[in-house]
Amino acid sequence: MSQLQAPPVERTRLANGLQVVVAPRRGVPLVAVRLMVRAGSALDPARRFGLAHLVAAAVRRGTRRRSGARLDAEVEALGAELGGGVDEDAAAIGLSAPLEALPRLLDVVADVAMRPSFPAGEVERLRRREVAALAHDADEPGVLADRATLMAAYGDHAYGHPSEGRGRDVAAMRRADLAAFHARHWRPSRATLLVVGPVEVERTLALAVKRFGGWKGVPGAELEIAPPAPPVGPAVVIVDRPELTQAQVRFASAGYARSSPDFAAGLVAGAVLGGGFTSRLMEAVRVNRGLSYGVRSRFATGRAGGLFFFSSFTKVETAGELVQVALDEVARYREGGPTEEELERTRGYLCGLYPLGLETHEQWAEKLAEVELYGLAADEVTGFRDRIRAVDAAACLEVGRRWLPVDRRVVVVVGPAGRLRPQLARFGPVKVVTARAVT
Amino acid sequence: MPSPTASTGLIELDAVRTQVLPNGLRLRVLRETGSPTLSYATFFQVGSRNERPGVTGISHLFEHMMFNGAAKYGPKQFDRVLEARGGASNAYTSNDLTVYYEDFAADALETVIDLESDRMRSLRIDDEALEQEREVVKEERRLRTDNSVYGLMEEALESLVHQAHPYRWPVIGWMSDIERISRADCEAYFRTFYAPGNAAVYVVGDLDPDATLAQLAGAYGDIPAGPAPAPVATGEPDQRGERRAEIRYPAQGPALLCGWRAAAARSPDAAALDMLQACLGVGESSRLRRRLIHKDALVTSLGLSFGWRIDPGVFSIFAELSPGVKVERVEKILAEELARVAERGVAVTELKRARALLRSSVLHELGTHHGLAQALGEGEALLGDWRQAGRVLELYARVKPAEVRRVARDYLSPDRRNTVVVVPETRP
């Protein structure tokens, strides 16, 4: 297999604690800039689920120097769009634009991160829009299923709510909540700036110092999220949507953090079971039985912990059959692990695909942000294939036995409760909730 | 990574090596280094446009059949062999095209050529595979259309915009047609539309162009040519007045989808319509987002779309409304904003912004081997020449403010509007 070409990566920590990562890389004359701050939704205060998400959206709606409209116009005139998002561990803002715009991009990103003014009118419109978007989520069966699964699997843990939050919580948020969250968590010591593209390292670093050197964070203890407890189970949650003709089906059990030594073996095990088009689940569910169009399973990993996560959908009549078929496949895997042929194929698949996710400057910026966020080794990218090739059948079996669900699992299905309950009762005590209860 | 050149600023068109085999198969190969990967795309010039009532959805169903085994690589082998070699494959069907692609580590090229030529030469079409894929496709339809508010609206819109043209039925097909497509239908379909003369192969990435062309010619050369596909009846009567459809569904809130029959991909107006779309709806400072989301706060999500098709496709505007907002109010503002463009046009700064955004999105697409292969294929399939892939930015650069005004006036007029509204009803 041809060698993966990785750009040199320069890491520098500024005096204020900001980590700066510059990766000079040839290719299209664009530059990708990304700022990642460890201010994810796990830090949402009680009854304010969705605050981290709202803050990450609101910082772009105005600063002490620029109105929201001016930020939009300035960024878009460069052909860029200021993207962003939040997951449980971090908020990120990023954009890419022609190389010559780099000084301007850094200026905008610094302004947004350091000096958001949370203009009252903008915050109010944004808040109402987020509440409405959450209500519309109730119309998306797949979104409902994902939300309900996180809530059921993590329970009261900080990961136990979707990043977008809860409608009633977002409705209650005020400008002061946003400003306080930003002041507390958006600190240079919790942030990483990444620049990838055909840039000069020294000049880029000098620009970063100029724009971000004055960022002063409020001092405070570094917060770490404790690992989650395994789900209490077996349990079944039905999100009642009487009119649906297709059920969205999930189940989840305990997993591990991204930095866990189980990561590589779990990646292989998860793919043998439910990745790509040739996995055991794909074969059992789609190829042999025509039960679904799509089926996946994987270990989802965060900074503090993770989940084993199964996801598919089928017509309402066969929801129970689908869960049973999938659980049987999980049990079969726990007994014997992968065959040599499966192992060889899956390692080849994961190694071959890896460089396909690293073709653009943005993809590199995102990958390098992950390295920082999860505290991964410097050879995370270049050593990936060696680590995957080193995973043997015994390691795959062991990781499966340690983590794949037996009893402590939650099954979540979205669809008409009346027709689903009799099919699902055999998987544990059934709780029926409304769509509103999970949005 | 594409190497920018003076000729187009995007793709080194001179570096594309081509050949047409005696059986009609077109081969296009482009060497691009930077990442040790290849993208391999097979474009068949067939989509739902080539179907007829009774077998709607056969193009898409057939796309599924292509993964069920051929003479050399039997059932389940295609993906197993490919994945073992570090590759991934998928396919899509549109109104106009059916496209198969593989993205993989460069040293698996020979295997991929073997796999793809095997199924073009000798696909197995049996009842068992057909029945299984039929069930899978029905689940796909339930997922994307029957249980999706937007899916229901989109299907209704295409049927409003087109009354005679085959674009009036959905790519995935009507459920009743998916249920009745027969093995004989599939066999006839394969003979005609999957013959080499109806296809083109694009390979982009870390490769040796001469050796690759020779390998392709060797693998595909003996596949016999097929019959010419029947011409498509593309007529469509003029629209004389607005058409409306209503969907009653237990949705959380109202939603609105407006569409107009616009220009064909080959029309000189297609680029101006893209620019109009960007002025109206791409980016937060676009006219409609600024007005409906940021100023009036009437809409929670807004999406514009104008897909280039062989025959005139749909220019559409989708809006999900904030709670308590009346659909009529949003419709009125949309009409106002469109009339404003039709009367007064757009400012030069707006065009500049639109051009910069479109440029970024094109550069982004062409930044990967996969994107390059797709762009070459689309250029050839929709515009008649793969060289068009590198020229789209020139087309955007030539669009004048007056043209944006003209296409807004001519295509998006109130009399040619088609409107689909979701009316939330109480859950049963």
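Hydrogens, waters and symmetry mates play no part in the numbers below; they use all other heavy atoms, side chains included. Numbers restart at 1 for each chain; the letters A, B, ... are given by sequence-line order, proteins then strands.
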Q) In terms of heavy-atom proximity below 4.5 Å to chain B, should A/Leu353 be classed as side chain, backbone, both, or neither? A) both
Q) Given that the side chain runs from C-beta out, which part of A/Glu130 has a heavy atom under 4.5 Å from chain B: side chain, backbone, both or neither? A) neither
Q) Just one of B/Leu302, B/Leu321, B/Asp296 clears the side chain to side chain contact (heavy atoms under 4.5 Å, CB included) bar with B/Val330, so which one? A) B/Leu321
Q) So, are B/Glu135 and B/Lys138 salt-bridged, with charged N and O less than 4.0 Å apart? A) yes
(Q) Tell me which of these, A/Glu81, A/Lys315, A/Arg60, has more heavy-atom pairs under 4.5 Å with chain B than the rest. (A) A/Lys315
Q: Sort out for me which of A/Thr245, A/Leu30, A/Thr346 touches chain B most, counting heavy-atom pairs under 4.5 Å.
A: A/Thr245
Q.
If you count heavy-atom pairs within less than 4.5 Å of chain A, which of B/Leu143, B/Asp103, B/Asp79 leads?
A. B/Leu143
Q) Are A/Asp72 and A/Arg61 close enough for a salt bridge, meaning some N to O gap below 4.0 Å? A) yes
Q | Salt-bridge criterion met for A/Glu140 and A/Arg241 (N-O under 4.0 Å) | A | no
(Q) Under 4.5 Å from any heavy atom of chain B, what part of A/Leu350 do you find: side chain, backbone, both or neither? (A) neither
Q) With a 4.0 Å cut-off, would you call B/Arg290 and B/Glu284 a salt bridge? A) no
Q. Any idea which of A/Val287, A/Leu71, A/Leu244 has the most non-hydrogen atom pairs under 4.5 angstrom with chain B?
A. A/Val287
Q: Please look at A/Glu342 and chain B and tell me whether the side chain, the backbone, both or neither of the residue comes under 4.5 angstrom of a heavy atom of that chain.
A: neither
Q.
Please classify the contact between B/Ser361 and chain A as side chain, backbone, both or neither, with a heavy-atom cut-off of under 4.5 Å.
A. neither
Q.
Are B/Asp107 and B/Arg85 packed together at the side-chain level, in the sense that at least one heavy-atom pair is separated by less than 4.5 angstrom?
A. yes
Q: Examine whether an atom of B/Glu131 lies under 4.5 Å from a heavy atom of chain A, and if so say whether it belongs to the side chain, the backbone or both; otherwise answer neither.
A: neither
Q: Heavy-atom distances under 4.5 Å only: say whether B/Pro254 touches chain A with side chain, backbone, both or neither.
A: backbone
Q: Could you look at A/Gln363 and say if it's the side chain, the backbone, both or neither that has a heavy atom under 4.5 Å from chain B?
A: neither
Q) If you tally heavy-atom pairs under 4.5 Å against chain A, which of B/Asn90, B/Val137, B/Leu82, B/Asn68 wins? A) B/Asn90
(Q) For B/Ser39, which atoms come within 4.5 Å of any heavy atom of chain A: side chain, backbone, both, or neither? (A) neither
Q. With a 4.5 angstrom heavy-atom cut-off, which part of B/Arg144 approaches chain A: side chain, backbone, both or neither?
A. side chain
Q) Are there more than 12 heavy atoms of other residues, nucleotides or ligands under 6.0 Å from atom CD of B/Glu128? A) no
Q) Would you call the rings of A/Phe277 and B/Phe67 parallel, tilted or perpendicular if under 30° counts as parallel and over 60° as perpendicular? A) parallel
Q. Does the side chain of B/Glu12 reach to within under 4.5 Å of the side chain of B/Arg31, using non-hydrogen atoms?
A. no
Q. Which bit of A/Ala97 is near chain B, if near means a heavy-atom gap under 4.5 Å: side chain, backbone, both or neither?
A. neither
**Q.** Greatest number of heavy atom pairs closer than 4.5 Å to chain A - which of B/Arg134, B/His364, B/His370
**A.** B/His364
Q.
Strictly below 4.0 Å, N to O, side chains only: are A/Glu344 and A/Arg347 in salt-bridge contact?
A. yes
Q: Give a yes or no on whether the ring-centroid distance for A/Tyr354 and A/Phe384 is below 6.0 angstrom.
A: yes
Q: Side chain from CB out, backbone as N, CA, C, O: work out which of these in A/Leu126 comes under 4.5 Å of a heavy atom of chain B, or both, or neither.
A: neither
**Q.** Greatest number of heavy atom pairs closer than 4.5 Å to chain B - which of A/Gly121, A/Ala132, A/Ala69
**A.** A/Ala132
Q: Tell me whether the centres of the aromatic rings in B/Tyr150 and B/Phe318 are closer together than 6.0 Å.
A: yes
Q. Where on A/Arg436 is there a heavy atom nearer than 4.5 Å to chain B: the side chain, the backbone, both, or neither?
A. side chain
(Q) Under the criterion side chain to side chain donor-acceptor pair (under 3.5 Å), I'd like the reasoning laid out for A/Thr278 against B/Glu83: C-alpha separation, chi angles, the key distance, then a yes or no. (A) CA-CA 8 Å; A/Thr278 64; B/Glu83 290 185 3; 2.6 Å; yes
Q: Flag the one option from B/Ala297, B/Ser322, B/Ala88 with the top tally of heavy-atom pairs under 4.5 Å to chain A.
A: B/Ala88
Q: Output the option from B/Lys352, B/Glu320, B/His64 having the highest count of non-hydrogen pairs under 4.5 Å with chain A.
A: B/Glu320
Q. Counting heavy-atom pairs under 4.5 Å to chain A, which of B/Ala356, B/Ser285, B/Ser360, B/Ser286 comes out on top?
A. B/Ser285
Q: Tell me, yes or no, whether the heavy-atom count around A/Glu321 atom CD, taken from other residues, nucleotides or ligands under 6.0 Å, exceeds 12.
A: yes
